[in-house]
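The chains referred to below are lettered A, B, ... by the order of the sequence lines, with proteins before strands, and numbering in each begins at 1. All heavy atoms count here, side chains included; hydrogens, waters and symmetry mates do not.
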Amino acid sequence: MLTTLKKDIHTAIAGLYDHRIDDGQLLISPTKKEFEGEYTFVVFPLVKAIKKKPEEIGQELGERIQAESNLVTGYNVVKGFLNLSLSKRYWLQTLSELTVKCGQAPIQNGKTLMVEFCSPNTNKPIHLGHIRNILLGWSMAQIGEANGYKVVKTQVVNDRGIAVCKSMLSWKESADGATPESQGIKGDHFVGKYYVAFEQLFQSEYKAWQSTEKGQAIYKSLSKDGDLEETFFKSYKNKYFNEHSKIGKRTKDMLLQWEAGDPETLALWKQLNDWVYEGFDKTFDALGIDFDVVNYESETYILGKEFVQQGLQDKIFYQKEDSSVWVDLEDAKMDQKLVLRSDGTAVYVTQDLGTAHMRYAKYKMDKLVYVVADEQDYHFKVLFEILKRLGEPYADNLYHLSYGMVDLPTGKMKSREGTVVDADELIEEVISEARNASQERGGLEGLTDAERTDVFRKIGMAALKYFIIKVNPKKRMTFDPKESVDMQGQTGPYIQNAYVRIRSILRRVSERPDYDLNNYKQELQEIEKELIVLLTSYEAMLGEAMNKYDPSLVANYCYALAKAYHRFYHDCRILNAEQEETRGFRLALSELVAERLSAAMKLLGIEMPEYM
RNA sequence: GGUCUCAUAGCUCAACUGGAUAGAGCAGCUGCCUUCUAAGCAGCAGGUUCCAGGUUCGAGUCCUGGUGGGAUCACCA
């Protein structure tokens, strides 16, 4: 219906001025509340071509459209804004079109979208930062599906390397055979404990070394003047680990054994990782997410080396005397970048090159989205540039969905200071907060315990997820645990509540009222029109969320729709409306809102309860 | 220091790609539950959109230059 309106505007412009504009330039938006009308056409863009005053064009156009289009019943012009009032026929027709469309599954576009997200390390449990990542990745996958893509959700687990060896060594030397079962701890937390223990041990070793003769000698010879001892040793940490530390030496030995395929080391590695995955799976379950394909870095870290040969041949890469391989990206305003170490092993970019290639060979995806924090912006710029130079056919279809870090009101999350917010704890907390709030409120008397638990879970998770996903991804956000469990105002539960109210009404309807949309005699309320406008904009919003890779648009849409519905609910009687046909109309409208709310929230990974 | 990025009400966030008088929520203050769920609705108050210029019918949004926060510049991943 909206497209018909646009067509009418086109016709009027063509008829009056013999001028055509393309659809993209035809700017039509919902009218601001202060003005009369429902849709506004901005005439300024026409001024140049037509060479008349904006007001004049507005008047002429308005008159013409009102005369010619049976959708427009009135107009007014303010400055260069032409506000149109639409006919009852428009609203009713739109509503019935929406009703028809609502039940239909999204049309497939035959394209494949791959989303990489989450990608944890196996030495630490999932934390708040991962949650933002996971919610973004999951939502993008859902939004992709809603836009007709076949979607492949994937993650690369960082299951190898020096960091993993740290927890392995720590467990081996101090656990005395303890297991998650014997300690009654979730597997990922169990392993994480040994990683922390390693770091503590290493720190105390390092601290002691700093005051030895050797440590002091190094400080004196290497520090620049003015460098405090503390600052110097902070930056020397990696070097110490690699060159002087005893525990560091043992860790590196373990990595060598791992790489050599030593059976005992591999068995230990596998055991610890299995524990971690068991723990991760529980967290993923609680978050309501899953993956289609899981890659492990222990498998992908060897990939990408064939590119080095090819790149050398094509003179895209060059080799230094020590046989390390580099790429020069300075003409693209980047640096010289290492792609292969002098010992012939791969680095981070090499792996990513290889993984991208492998994925394309396997899935032929039309789009690949990497959900990774913005601290890696530069890495992805480099990665994409290299793939382009190598002539990879998919190089232009890659996107780095870069998101800002999550801060706490007290500042940054730092694992060393123990300020990292653990995902499992957080989930438990929001759910119990939902339970408290609900019990204070009452009203779930008819439900079984299991049903009630399910409601609390849905409400708590909605509060948490909505709080995070409503923020524009590229912005750094502040996570206040107190606010994250809020259930009033712009929150997940507020939106759920609108849905629950509708479901509650629908449960009371025994017989659908008899009414005919084509023959509806009642006047429409402003708020009813507003709801229809919002429902109409759903599709455009979906497309925009996809194009901009921004799930927060969906979140904001849900809030706007729920807010409008709450007002409608307050202002208009639905079940006991004055007229039978009003009852029918409002029920249909409500049902449509419920379906849209539920569908849109599902895109964010948020479930709707039937009661609350 | 180079590069990238962000800055909007006391706090957390919006603003339809350059459009009307910059909007919501929280916190504060007022009202509204014997009528479909008050996790709601209505109202009050709160702003030099970091600063200074520029572009034009029109700038929170674009360009230039500052200021302040963050990230990144490893033969770590």
Side-chain angles (χ1 to χ4, degrees), chain A residues 27-32 34-35 40 42 44-45 47-48 53-54 78-81 83 119 121 158 160-163 238 242 297 301 320 322 324-326 333-335 337-343 345-349 351-352 373-379 381 402 404-405 407 409 412 434 437-438 440-443 459 463 467 470-472 474-480 482-484 486-498 500-509 537 540-541 544 548 552-553 556 559-560 563 566-567 569-577 586 590 611-612:
Chain A
L27 194 59
I28 179 163
S29 47
T31 301
K32 298 228 169 197
E34 312 87 86
F35 303 100
T40 297
V42 184
F44 286 108
V47 172
K48 240 181 191 164
K53 285 184 184 156
V78 183
K79 294 180 192 171
F81 300 91
N83 302 322
S119 306
N121 301 332
N158 179 3
R160 64 166 288 278
I162 201 78
N238 275 342
N242 285 320
E297 226 177 83
Y301 86 111
K320 285 192 181 173
D322 63 1
S324 60
V325 181
W326 296 72
K333 283 175 78 179
M334 288 177 255
D335 297 310
K337 199 79 197 169
L338 177 88
V339 293
L340 197 70
R341 291 196 193 103
S342 50
D343 64 4
T345 56
V347 289
Y348 187 30
V349 215
Q351 291 177 44
D352 273 357
D374 64 6
E375 56 190 353
Q376 299 205 33
D377 283 356
Y378 184 66
H379 168 74
K381 261 178 87 174
S402 158
M405 293 294 193
D407 290 327
K412 288 167 84 172
S438 179
E440 227 170 85
R441 216 172 151 247
I459 297 174
F467 184 75
K470 73 168 188 204
V471 180
N472 185 327
K474 72 174 185 217
K475 290 202 181 169
R476 225 184 154 83
M477 69 171 287
T478 306
F479 182 89
D480 187 337
K482 279 204 301 286
E483 283 179 29
S484 73
D486 273 353
M487 300 181 188
Q488 265 121 37
Q490 189 181 3
T491 65
Y494 172 94
I495 298 164
Q496 289 178 319
N497 188 230
V500 166
R501 282 177 144 182
I502 298 171
R503 299 301 296 168
S504 171
I505 289 174
L506 292 175
R507 275 195 297 273
R508 289 165 189 265
V509 178
S537 67
M541 179 280 297
E544 203 189 348
K548 290 166 88 169
S552 73
L553 295 175
N556 288 326
Y559 177 64
K563 190 175 160 66
H566 275 306
R567 194 149 69 81
Y569 181 92
H570 183 266
D571 292 352
C572 301
R573 279 189 288 273
I574 299 162
L575 274 181
N576 40 7
R586 288 180 181 168
S590 298
Y611 305 83
M612 67 192 289

- Message: Using only atom types and a distance under 3.5 Å, with no angle test, would you say the side chain of A/Asn472 pairs donor to acceptor with the backbone of A/Lys474?
- Response: yes

- Message: Heavy-atom nearest nucleotide on RNA chain B for A/Lys320 versus A/Asn576: which residue maps closer to 5'?
- Response: A/Asn576

- Of the candidate nucleotides B/C36, B/C75, B/A20, which contains the atom at the shortest distance from the side chain of A/Thr40? B/A20

- Among the candidates B/C16, B/C41, B/A14, find the nucleotide nearest to the side-chain atoms of A/Ser29. B/C16

- Query: Does the A/Ser590 side chain pair with the main chain of A/Arg586, one donor and one acceptor, at a distance under 3.5 Å?
  - Reply: yes

- Task: Find the distance A/Gln488:CD to B/C26:P and express it as a whole number of Å.
- Result: 7 Å

- Considering only atom C1', compute the distance from B/A71 to B/C29 and round it to an integer number of Å. 42 Å

- Measure the distance from OH on A/Tyr378 to P on B/C4 and round it to the nearest whole Å. 11 Å

- Below 4.0 Å: OP1/OP2 of B/G2 and any side-chain N or O of A/Lys333: no

- Could you check whether A/Met477 gets within reach of a base, just the sugar-phosphate, or nothing at all, counting any heavy atom under 4.0 Å? sugar-phosphate

- Query: Roughly how far, to the nearest 0.5 Å, is the CZ atom of A/Phe467 from the CG atom of A/Asp480?
  - Reply: 6.0 Å

- Spacing between A/Arg503 atom CZ and B/C36 atom C1', to the nearest angstrom: 14 Å

- Any A/Arg160 side-chain nitrogen or oxygen under 4.0 Å from OP1 or OP2 of B/C76: no

- Query: Given B/U37, is OP1 or OP2 found less than 4.0 Å from the side-chain N or O atoms of A/Ser504?
  - Reply: yes

- Query: How is A/Asn242 classified with respect to the nucleic acid when contacts are heavy atoms under 4.0 Å: base, sugar-phosphate, or nothing?
  - Reply: nothing

- Task: Take atom C1' in B/A14 and the same atom in B/C26, then report the distance between them in whole Å.
- Result: 14 Å

- A/Phe479 CZ to B/C26 C1': how many Å, rounded? 15 Å

- Item | N or O in side chain of A/Arg501 less than 4.0 angstrom from B/A38 OP1/OP2 | yes

- Go through the N and O atoms of the side chain of A/Asp571 and the base of B/A42, and report whether any donor-acceptor pair is under 3.5 Å. no

- Query: Hey, does the side chain of A/Arg508 come within less than 4.0 Å of B/U37's phosphate (OP1/OP2), counting only N and O?
  - Reply: yes

- Minimum side-chain heavy-atom gap A/Lys412-A/Arg476 below 4.5 Å: yes

- Distance below 4.0 Å between A/Tyr494 side-chain N/O and B/C41 OP1 or OP2: yes

- Nearest-nucleotide check on RNA chain B, A/His570 vs A/Lys474; residue mapping nearer the 5' end is A/Lys474

- Message: Nearest whole Å is fine: how far is B/U5 C1' from A/Asp407 CG?
- Response: 14 Å

- Message: In whole Å, I'd like the distance from the NE2 atom of A/His379 to the P atom of B/A77.
- Response: 11 Å

- Choose from B/U17, B/U37, B/C73 the nucleotide whose nearest atom is closest to any side-chain atom of A/Lys548. B/U17

- Query: When you compare B/U55 with B/G60, how far apart are their P atoms, in angstrom units rounded to a whole number?
  - Reply: 16 Å

- Does a nitrogen or oxygen in the side chain of A/Lys32 sit under 4.0 Å from OP1 or OP2 of B/A20? yes

- Message: With no hydrogens and no angle check, just 3.5 Å: does a side-chain donor-acceptor pair link A/Thr40 and A/Asn83?
- Response: yes

- Item | B/U61 - base-pair partner by Watson-Crick or wobble geometry, distances under 3.5 Å | none

- With centres under 5.5 Å and planes under 30° as the test, does A/Phe81 stack with B/A20? yes

- Item | Nearest-angstrom distance, P atom, B/C6 to B/C63 | 11 Å

- Output yes when at least one side-chain N/O atom of A/Arg476 is less than 4.0 Å from OP1 or OP2 of B/A7, else no. no

- Tell me what A/Val500 touches on the nucleic acid: a base, only sugar-phosphate, or nothing, going by heavy atoms under 4.0 Å. base

- Options B/C16, B/C36, B/A77, nucleotide nearest the side-chain atoms of A/Ile574: B/C36

- Item | Atom CD of A/Glu440: over 12 foreign heavy atoms under 6.0 Å | no

- Message: Pairing check on B/G23: which nucleotide meets the Watson-Crick or G-U wobble criteria with it, both distances under 3.5 Å?
- Response: B/C13

- Message: Given B/G40, B/C75, B/C13, identify the nucleotide with an atom nearest to the side chain of A/Arg341.
- Response: B/C75

- P gap between B/G70 and B/U12, integer Å: 15 Å

- Would you state whether a donor and an acceptor, one from the side chain of A/Asn238 and one from the base of B/A74, lie under 3.5 Å apart? yes

- Checking B/U37, B/C13, B/C36 against the side chain of A/Leu575 (C-beta onward), the nearest is B/C36

- What form does the base of B/U37 take, syn (within 90° of 0) or anti? anti

- Side-chain contact test, heavy atoms from C-beta onward, threshold under 4.5 Å: evaluate it for A/Asp407 versus A/Phe479 and give yes or no. no

- Taking the side chain of A/Glu375 as heavy atoms from C-beta outward, which of B/A71, B/A77, B/A14 is closest to it? B/A71

- Side-chain donor or acceptor of A/Arg341 paired with backbone N/O of A/Ala346 under 3.5 Å: yes

- Message: Below the 4.0 Å mark, does B/A7 have OP1 or OP2 next to a side-chain nitrogen or oxygen of A/Lys475?
- Response: yes

- Classify the glycosidic conformation of B/C62 as syn or anti, calling it syn when the angle lies within 90° of 0. anti

- Item | Rounded interatomic separation in angstrom, taking NE2 from A/His566 and P from B/A42 | 11 Å

- Query: Which part of the nucleic acid, if any, lies within contact of A/Ile459, taking any heavy atom under 4.0 Å across all strands shown: a base, the sugar-phosphate backbone alone, or nothing?
  - Reply: base

- Item | Separation of the C1' atoms in B/C13 and B/U72, to the nearest angstrom | 27 Å

- For B/U37 versus B/A20, give the span between their C1' atoms, rounded off to a whole number of Å. 38 Å

- Taking only the side-chain heavy atoms of A/Thr31 (C-beta and beyond), determine which of B/A38, B/A20, B/C41 contains the nearest atom. B/A20

- Does B/U3 have a Watson-Crick or wobble partner in any strand here, with both distances under 3.5 angstrom, and which is it? B/A71

- Can you find a pair of side-chain heavy atoms, one from A/Met334 and one from A/Tyr378, that are under 4.5 Å apart? yes

- Out of B/U12, B/A77, B/A20, which has the shortest distance to the side chain of A/Gln376? B/A77

- Message: Categorize A/Tyr301 for me: base, sugar-phosphate, or nothing, with a 4.0 angstrom heavy-atom threshold over every strand shown.
- Response: nothing

- Short side-chain N/O contact from A/Lys79 to OP1 or OP2 of B/U21, under 4.0 Å: yes

- Message: Going by centres under 5.5 angstrom and planes under 30 degrees, do the aromatic ring of A/Phe44 and the base ring of B/G19 stack?
- Response: yes

- Item | Integer angstrom distance from the C1' of B/A7 to that of B/U21 | 24 Å

- Message: Is a donor from one side chain sitting under 3.5 angstrom from an acceptor on the other, for A/Ser402 and A/Asp377?
- Response: yes

- Query: Given atom CH2 of A/Trp326 and atom C1' of B/C75, what is their separation to the nearest angstrom?
  - Reply: 7 Å

- Note on the structure: Of B/C41, B/C13, B/C75, the nucleotide closest to the side chain of A/Leu338 is B/C75

